[in-house]
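Residue numbers start from 1 in every chain, and the chains themselves are labelled A, B, ... in the order their sequence lines are given, proteins ahead of strands. Given the structure is predicted, the values throughout are model-derived calculations rather than measurements.
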Number of protein chains: 2
Amino acid sequence: MRERVQDSGNCKVAANRRLHPDSHTCDLCEARAFNMCNALEPEELARLAAIMSHQTVEAGGTFIEEGAAADDLFNLTSGTVKVFKLLSDGRCQITGFMMAGDFLGLSRGGTYAYSATAITPVTFCRFQRPQLRGLFNELPKIERQMLGLAMNELMAAQDQMVLLGRKTARERIASFLLTLSDRAVRRGRPGNPVDLPMTRGDIADYLGLTTETVSRSFTQLKTERVIALKGNHGVEILDLDALVEIAGIDERSTAMAFDTIA
Amino acid sequence: MRERVQDSGNCKVAANRRLHPDSHTCDLCEARAFNMCNALEPEELARLAAIMSHQTVEAGGTFIEEGAAADDLFNLTSGTVKVFKLLSDGRCQITGFMMAGDFLGLSRGGTYAYSATAITPVTFCRFQRPQLRGLFNELPKIERQMLGLAMNELMAAQDQMVLLGRKTARERIASFLLTLSDRAVRRGRPGNPVDLPMTRGDIADYLGLTTETVSRSFTQLKTERVIALKGNHGVEILDLDALVEIAGIDERSTAMAFDTIA
DNA sequence: AACAATCCTTGACCTGAATCAATGCGAGCC
DNA sequence: GGCTCGCATTGATTCAGGTCAAGGATTGTT
């Protein structure tokens, strides 16, 4: 069943790691409210800015490869990235879609724990680990902020485990749409026509399904007038209550707040 | 398919939250090497000890309930705990088995994000959040250590997503056995007869399968002489290479090291 | 506008794991 | 020892979602 190599090689790692350096000022950063820079004073922000470079990756570009030396840590400022892991036979699991404010670059034994590919054009701040480590010592605030981010990600990961382990295809799609809508709102964007920058194949690789099943589930929800499809990259939620009901009611994430560890 | 309420109510939350206070000295703590106390000097450890209470929960006791006020943070010192989330119809997903050194008590909006039940008798250190928060300000080392622990857990969660989203039943069981063996070794215990304190139902709820499928997979691996069953709570690995091969080769976790964030 | 290259949808069919249903077994307890 | 009760195994059957196979719709390019 799952022996087949994923269709169009959605997740195959291409070697097009083209990084475009870019000027940038933290003052105007849209992502600032949700990321590790959040708690910093202007003077501290300047110190952080001094050790980072702001860069761009075009859609389709893979800028982190699982297993490569984990030299850098990334902080997304715009665009959407898929983070994924591959099995040796090509099966792919996307562990998350990252957006402005999310950090990237977890390492295990000095090498990246996953690959990351831009789905849309992406911008990020890039830090070299040794330099960032030095700054951590002087500005423990950053570390605290990152701990909060990591905890939030951990809780999202646990929700995803529930989804992957115990939900039906229909429930997974409903949960996915609600989560995306919610994340958009939290970033100050409209939550209703939900923006889906990724392909059906990506959604499938995220939800532990196949392209065909994702498509069929969308069609089913459309037929029931719970959603309407706006081209390939948009979904309008017509009946939010129904969608929440279908998703399985554990959507406490809808009320998710940013918690610190203690 | 998944509509059925889980068999024996493995994961139903019982109200037997019996906490036995217990005297304890950090000097002799077995868990110290892997948990947040690791980096502390004796003097600092004493300050941490001052704000904690050491307690015991008997097997079967539920000491964290999803949705309840998240007043405390826990630090396991011995025994095994299952951490799980329930869907409204009773479907259960165990998001992790926690052992000595692991921390418990993630919260979202002031309430616990999951439930936790002791599988064996368990001991832990318990901290009240406000007090711990105060100590964080004075001893940022603790925060750093926790960030490392959280990152490690996040990577483990990502591995589990790969397992739940893309692996076959057989691969899940093989991966599970290897992971458990590995964790035992890292805690200075024998890695080979693998100790399985949990029931088949718990394993099923962790791997996104049913009791029956878990049992069948064990039987299959036994028939192939890859493992031998030692009663219900032990498995001897007879052919490690075969098991690694079956697990899907992404078991970099075997070589997992403790990484700090930067 | 025509083309190409993806991506998406739909249909027919198949299969791995779930479900339903006994039966076996072992740890704790008189 | 024998009883019991929860857990584990095994078998028969079903079904959700995967696989295979066309087409149809978008999107980008010249």
(request) With the side chain counted from C-beta on, respond yes when B:Leu238 and B:Val226 share a heavy-atom pair under 4.5 Å apart, and no when they do not. (result) no

(request) Let me know the distance between CG of B:Asp205 and C1' of C:dA18, rounded to the nearest Å. (result) 14 Å

(message) Given 3.5 Å as the limit, does a donor-acceptor pair link the side chain of A:Thr213 with the main chain of A:Leu209, or not?
(response) no

(message) Does C:dT9 have its OP1 or OP2 closer than 4.0 Å to a side-chain nitrogen or oxygen of A:Arg200?
(response) yes

(message) OP1 or OP2 of C:dC8 versus the side-chain N and O atoms of A:Ser215: is any pair under 4.0 Å?
(response) no

(message) Quick check: any donor-acceptor pair below 3.5 Å linking the side-chain of A:Glu212 to the base of D:dC20?
(response) yes

(message) Using a 3.5 Å distance criterion without hydrogens, assess whether the side chain of A:Tyr114 forms a donor-acceptor pair with backbone atoms of A:Leu86.
(response) no

(request) Can you tell me the distance, in whole Å, between the CD1 atom of B:Ile119 and the C1' atom of D:dG6? (result) 16 Å

(request) Let me know the distance between CG of B:Leu209 and P of D:dT9, rounded to the nearest Å. (result) 14 Å

(message) Can you measure A:Glu171 atom CD to D:dA16 atom C1' for me and round it to whole angstrom units?
(response) 12 Å

(message) I want to know whether A:Phe74 and A:Phe103 have ring centres closer than 6.0 Å.
(response) no

(message) Is there a side-chain contact between A:Thr213 and the phosphate of D:dG18, meaning an N or O under 4.0 Å from OP1 or OP2?
(response) yes

(message) In whole Å, I'd like the distance from the CZ atom of B:Arg216 to the C1' atom of C:dA22.
(response) 12 Å

(message) Measure CZ/A:Phe218 against P/D:dA25 and give the value in whole Å, please.
(response) 19 Å

(request) Measure from CD1 on B:Ile227 to P on D:dA8 and round the result to the nearest Å. (result) 14 Å

(message) Over all strands shown, is B:Ile203 touching base, sugar-phosphate only, or nothing at heavy-atom distances under 4.0 angstrom?
(response) nothing

(message) Keeping B:Gln93 on the side-chain end and B:Tyr206 on the backbone end, is there a donor-acceptor pair under 3.5 Å?
(response) yes

(request) Could you tell me whether B:Leu207 contacts a base, only the sugar-phosphate backbone, or nothing, with contacts defined as non-hydrogen atoms closer than 4.0 Å? (result) nothing

(request) Answer with base, sugar-phosphate or nothing: what part of the nucleic acid does B:Thr219 contact at a heavy-atom distance below 4.0 Å? (result) sugar-phosphate

(request) Calculate the interatomic distance between B:Leu221 atom CG and D:dT9 atom C1'; express it in whole Å. (result) 15 Å

(message) Quick check: on DNA chain D, is the nucleotide nearest B:Asn232 upstream (toward 5') of the one nearest A:His233, or the reverse? Name the residue that is more 5'.
(response) B:Asn232

